[in-house]
S.K.: 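Can you read through this structure? Questions will come right after.
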Amino acid sequence: MQSKEPVSSVRTRAQASEMLLCSPSTGERLTSRVPSSPPVCSHDEYQTAADWLRTHTRHRPEVAIICGSGLGMLADTLGCQESFAYSDVPGFPQSTVQGHAGRLVFGVLKGKMCVCMQGRFHMYEGHTLSKTTFPVRVFKLLGVKTLIVTNAAGSLADGLQPGDIMIIKDHINFPGFVGLNPLIGPNDDKFGPRFPAMSNCYDKELRCLATEIGKQLEITGLMREGVYAMVGGPNFESIAEARLLHRLGVDAVGMSTAPEVVVATHCGLRVFGLSLITNKVVKTYEDSDSVNHEGVLEVSRLRSVTVQQLVTELIGKMDINNNGPNDAGTKF
Ligand SMILES: O=P(O)(O)O[C@H]1O[C@H](CO)[C@@H](O)[C@H]1O
């Protein structure tokens, strides 16, 4: 049966969900934004940011690095630096989390042109997933071929201790299970296919290379491969949640990375990821320990030089022209 409601009073889905965010008594807006996937950024928005950066720097990066909590010092190692505050780059959101400076740093590392995000965006900050992953597509438009993601994470695996480095072999994108995926919305065919495979999203060759470099740096005792799981945050896990993750085979848990990697893989970037283990996730009711962000930042800073050495050597030794198994050819 057809609705008799006049067209002008038919609410769009966006208007209806907007109304749910208002107080039923006063009509006052209760929150500015919920982290659901749409609205998505348009191709023009990514292009505008990329064009702006091209006109403001002569650097043409081939490698992009996203620094996790407390790991921003990685950017300080770049030579011939040029940097921009996120607030100056069109379309970039703002970093709101301590330990994420909010600067985009261009420079050279071991002869390779790099761009480094000193601070990332998280879904729990209230950014849409499209905004959370915005820089990744901008990097693609700038000509980046390889993305290196780093994060701070809590360990569930018995063999992983605070200060250890976990090379990410695979991830579980828990928000994606409930429809919080950065690729939701109309597919932008210029970036990649509607249904991208995720079975090779952490490049095997780069993982092997990192393990070899770990041997040369004599840090193999600190390193192992594992599965990272993204949860929405911002609260840390309850004990029951920690036990569930452990039973599911998760080695380390954090509140980032998976959306960036999904978007990078979708547009054919080769990805390397590592988690710096900053804490053990509390799994027993007898354990009186509890995690906090300050402790996470402290461990990150203590290990940042080692992470820096590993990433620097990896960039130096990686073959920039090998785009890995996900590259279907650049469309720009
Ligand atoms: O994943 P990164 O950005 O390293 O940060 C991790 O550290 C914060 C919690 O201390 C969370 O944001 C978690 O995701």
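Atoms within a ligand are numbered from 1 in the order they appear, just like the ligands themselves. Residue indices begin at 1 and follow the sequence shown. Here the structure is a predicted model, which means the values were calculated and not measured.
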S.K.: Ligand 1: which protein N/O atoms lie under 3.5 Å from its N/O atoms?
M.R.:
unit_1: ligand 1; atom_1: 1 (O); unit_2: S256; atom_2: OG; d: 2.5
unit_1: ligand 1; atom_1: 3 (O); unit_2: R120; atom_2: NH1; d: 3.0
unit_1: ligand 1; atom_1: 3 (O); unit_2: H122; atom_2: NE2; d: 2.7
unit_1: ligand 1; atom_1: 4 (O); unit_2: S69; atom_2: N; d: 2.8
unit_1: ligand 1; atom_1: 4 (O); unit_2: A152; atom_2: N; d: 2.8
unit_1: ligand 1; atom_1: 5 (O); unit_2: S69; atom_2: OG; d: 2.7
unit_1: ligand 1; atom_1: 7 (O); unit_2: S69; atom_2: OG; d: 3.1
unit_1: ligand 1; atom_1: 10 (O); unit_2: H293; atom_2: ND1; d: 2.6
unit_1: ligand 1; atom_1: 12 (O); unit_2: H122; atom_2: NE2; d: 3.3
unit_1: ligand 1; atom_1: 12 (O); unit_2: Y124; atom_2: OH; d: 2.7
unit_1: ligand 1; atom_1: 14 (O); unit_2: M255; atom_2: N; d: 2.9

S.K.: If you measure only the distance, is there a donor-acceptor pair under 3.5 Å linking the side chains of Q47 and K190?
M.R.: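 No, because no side-chain N or O of Q47 sits under 3.5 Å from a partner of the opposite role on K190.
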
S.K.: Please check if any side-chain donor atom of H266 sits under 3.5 Å from a side-chain acceptor atom of N187, or the reverse.
M.R.: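 Yes, a side-chain donor-acceptor pair sits under 3.5 Å.
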
S.K.: K112: what forms a salt bridge (charged side-chain N to carboxylate O under 4.0 Å, His left out) with it, not counting sequence neighbours?
M.R.: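 Testing K112 for salt bridge (charged side-chain N to carboxylate O under 4.0 Å, His left out), a comparison that skips the adjacent residues, returns none.
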
S.K.: Are side-chain N/O atoms of E82 and T57 paired as donor and acceptor at under 3.5 Å?
M.R.: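 Yes.
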
S.K.: For S256 and N151, which I'm curious about, is there any donor-acceptor pair between the side chains at under 3.5 Å?
M.R.: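 Looking only at side-chain atoms, N151 and S256 do not form any donor-acceptor pair under 3.5 Å.
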
S.K.: So, for H171 and Y202, is the gap between ring centers shorter than 6.0 Å?
M.R.: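 Under 6.0 Å, so yes.
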
